[in-house]
Amino acid sequence: MSKPKVAFYWCASCGGCEETVVDLAEDILGVVEKVDIVLWPVAMDFKYKDVEAMPDKSILATLLNGAIRSTEQEEMARLLRRKSQYMIAYGACAHLGGIPGLANQFTREHILKFNYEDGPAMANEKKTRPQLVTEENGRTPRLPALTNVVRSLDQVVEVDYYVPGCPPTPKITRAAVTALLENRLPPKGSVIAPDIALCNECPRKATKPANISFREFKRPHQAIMDPEKCFLAQGVVCMGPSTRSGCEAACISGGMPCTGCFGPTSRVHDQGLKIMSSLCSNLEPKDEQGISAVLQGIPDPIGTFYRYGLAKSLLRRKVNLPTD
C-alpha cells in the first residue's frame with residue numbers, strides 16, 4: 001500500500017516555519033516513515049513540471065507557509081491547491097499575512113522606489129530596478145512580479161486548516177500532522193490550536209489585574225521588568241488578551257510580551273481592534289492632551305497591534321486595487 005503524499009512549500013516568509021519542521025527532531029523520522037514527501041524545495045530538488053504532472057488531488061496535504069507576495073507564489077498556491085486534498089496554511093504568514101503583510105501600508109511603487117532608489121544604504125546611480133523580462137545571449141530570463149498587495153493564503157485559494165504561530169511550535173505541528181495521518185481532523189476551516197486567549201496559559205496570569213488604569217505605556221527595553229508580574233500591569237502592551245493560546249507562552253516565559261502571532265480566537269473579529277479598545281478604555285487621562293501623551297508610548301500602532309494580521313484586518317487594502 002502506497003504511503004500518503006505530503007508537500008511543503010515556502011512563499012513570502014523568513015524560513016522559520018521550515019525550521020520548525022526540522023525541530024520535530026526524532027519525531028520527523030516517524031513522519032517520514034508514514035508519508036511520502038513529494039515536494040519540499042528547502043530540502044529536496046524539484047521541477048515545476050513534476051508537480052504539474054501529478055494527478056489532481058494525488059497529494060494528501062500541502063503545508064504551505066508564507067504570505068502571497070508575488071505572481072510565482074500565487075501560481076504555486078493555485079497549483080498545489082489543485083493537486084492537494086487538503087491545503088493547510090502553516091504559520092502566521094500563510095494564516096494572517098504575517099510580518100510581510102505590514103508592507104500593505106505602502107504602495108508597490110513606494111516599496112520599489114525606496115529599495116532600489118532612495119534607501120540610505122543604496123548605491124544605485126542608474127536607479128536600476130529588477131526587470132520582469134530581459135533578453136540575454138538568445139535567452140529570455142523572467143522574474144516573478146510583485147503583486148499589488150500582500151495576501152494571506154485564504155485570500156488566494158481555499159484553505160482547509162490553519163496551523164498558527166511565528167513559527168508554529170513543534171507541539172502544534174506534531175498535533176496537526178498526527179490528526180492528518182490518523183484521520184482525526186476537526187471541522188473544515190478550524191485553527192489547530194486551543195480556542196482560548198493566551199492569558200489562560202500565561203505563567204503570569206495570577207498577577208493580571210481585574211481593573212487597570214494606564215498612565216503611560218513603556219516598551220520592554222525602557223525599564224527593568226518584574227519577571228513575575230503581568231506585562232499589562234507594568235504598562236507594557238501585551239497582545240495576550242486578544243491572541244489565541246497554544247504557543248505555551250514561549251515569549252512571555254522568555255521575558256517578552258506576546259506580540260500576537262497565533263492570531264485571534266474565533267470570537268474576536270479583529271485582533272488589533274480588540275486589544276486597542278481594551279487599552280484605550282482604560283486610559284487614566286480623559287482629556288485629549290492627556291490621552292495623546294499616554295499614546296506616545298506606542299510609537300508604531302500598526303506594527304504593535306497588527307504585526308501579523310494586517311492583511312486580514314479591517315484595515316487591509318483591497319486586493320482589486322488598481323496597479324500602481
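This structure is a prediction, so every number in the text was calculated from the model and none was measured.
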Please set out all donor-acceptor pairs under 3.5 angstrom arising from side-chain atoms of residues 288-296, sequence neighbours excluded.
none

> Would D226 and T207 satisfy side chain to side chain contact (heavy atoms under 4.5 Å, CB included), going step by step from the backbone distance to the final call?
Replying inline: CA-CA 11 Å; D226 184 331; T207 64; over 6 Å; no
>> Quick one, T62 with Y90, criterion side chain to side chain donor-acceptor pair (under 3.5 Å). Give me CA distance, side-chain angles, the key distance, then yes/no.
In response: CA-CA 9 Å; T62 289; Y90 185 70; over 6 Å; no
Heavy-atom side-chain contact between [X] and [Y] under 4.5 Å:
| X | Y | result |
| --- | --- | --- |
| P220 | M256 | yes |
| L39 | L80 | yes |
| L143 | E72 | no |
| L185 | L180 | yes |
| K5 | L60 | no |
| K113 | F106 | no |
| S242 | M276 | no |

Under a 3.5 Å distance rule, please check whether [X] uses its side chain to pair with a backbone N or O of [Y] as donor and acceptor.
| X | Y | value |
| --- | --- | --- |
| S313 | L310 | yes |
| T243 | F262 | no |
| S190 | I192 | no |
| K274 | H269 | no |
| K57 | S84 | yes |
| E19 | P167 | no |
| K83 | M54 | yes |
| Q234 | K229 | yes |
| N65 | E18 | no |
| Y162 | L96 | no |

> With under 30° as parallel and over 60° as perpendicular, where do the rings of F217 and F214 fit, or are they tilted in between?
Replying inline: tilted
> What class does the angle between the rings of W40 and F8 fall in, given that below 30° is parallel, 30 to 60° is tilted and above 60° is perpendicular?
Replying inline: tilted
From [X] atom [atom1] to [Y] atom [atom2], the distance as rounded to the nearest 0.5 Å:
| X | Y | atom1 | atom2 | value |
| --- | --- | --- | --- | --- |
| L153 | Y9 | CG | OH | 12.5 Å |
| M239 | R244 | CE | CZ | 13.5 Å |
| I212 | L283 | CD1 | CG | 10.5 Å |
| R78 | M87 | CZ | CE | 10.5 Å |
| S266 | I196 | OG | CD1 | 11.0 Å |
| T265 | L198 | OG1 | CG | 11.5 Å |

> side chain to side chain contact (heavy atoms under 4.5 Å, CB included) with C199: which of P241, C230, C258?
Replying inline: P241
In this structure, would [X] and [Y] fall into the same cluster of hydrophobic residues linked by side-chain contacts under 4.5 Å?
| X | Y | answer |
| --- | --- | --- |
| Y161 | W10 | yes |
| V163 | Y86 | yes |
| F305 | V236 | no |
| V268 | L273 | no |
| L146 | V149 | no |

Any salt bridge linking [X] with [Y]? Criterion: basic side-chain nitrogen under 4.0 Å from a carboxylate oxygen.
| X | Y | result |
| --- | --- | --- |
| D36 | K3 | no |
| E136 | R139 | yes |
| K188 | E158 | yes |
| D160 | R81 | yes |

Counting only heavy atoms not in [X], do more than 12 sit closer than 6.0 Å to its [atom1] atom?
| X | atom1 | answer |
| --- | --- | --- |
| R82 | CZ | yes |
| K286 | NZ | yes |
| L314 | CG | yes |

Which pair of non-hydrogen atoms, one from [X] and one from [Y], has the smallest distance, and what is that distance?
| X | Y | result |
| --- | --- | --- |
| R69 | T147 | NH2-O, 2.6 Å |
| P144 | L132 | O-CD2, 3.6 Å |
| C251 | P257 | CB-O, 4.1 Å |
| S152 | G97 | CB-N, 3.7 Å |
| A7 | I59 | N-CG2, 4.0 Å |
| E248 | E201 | N-OE2, 3.1 Å |

>> Could you walk me through whether V159 and H95 satisfy the side chain to side chain contact (heavy atoms under 4.5 Å, CB included) test, starting with their C-alpha distance in whole Å, then the side-chain angles of each, then the deciding distance to 0.1 Å, before giving a yes or no?
In response: CA-CA 9 Å; V159 168; H95 177 200; over 6 Å; no
> Is a side-chain donor-acceptor pair under 3.5 Å present for S245 with N200?
Replying inline: no
> Does K312 have any side chain to side chain donor-acceptor pair (under 3.5 Å) partners at least two apart in sequence or in another chain, and if so, which?
Replying inline: D154
> So V150 and L102, side chain to side chain contact (heavy atoms under 4.5 Å, CB included) or not? Walk me through it.
Replying inline: CA-CA 8 Å; V150 179; L102 291 172; over 6 Å; no
>> Run the salt bridge (charged side-chain N to carboxylate O under 4.0 Å, His left out) test against R129 and tell me which residues pass, sequence neighbours left out.
In response: E109, E117
>> Please determine whether side chain to side chain contact (heavy atoms under 4.5 Å, CB included) holds for the pair R151 and N104, giving the CA-CA distance in whole Å, both sets of side-chain angles, and the decisive distance to 0.1 Å.
In response: CA-CA 9 Å; R151 289 169 286 173; N104 286 352; over 6 Å; no
> Taking the six-membered ring for Trp, are Y116 and F114 ring centroids under 6.0 Å apart?
Replying inline: no
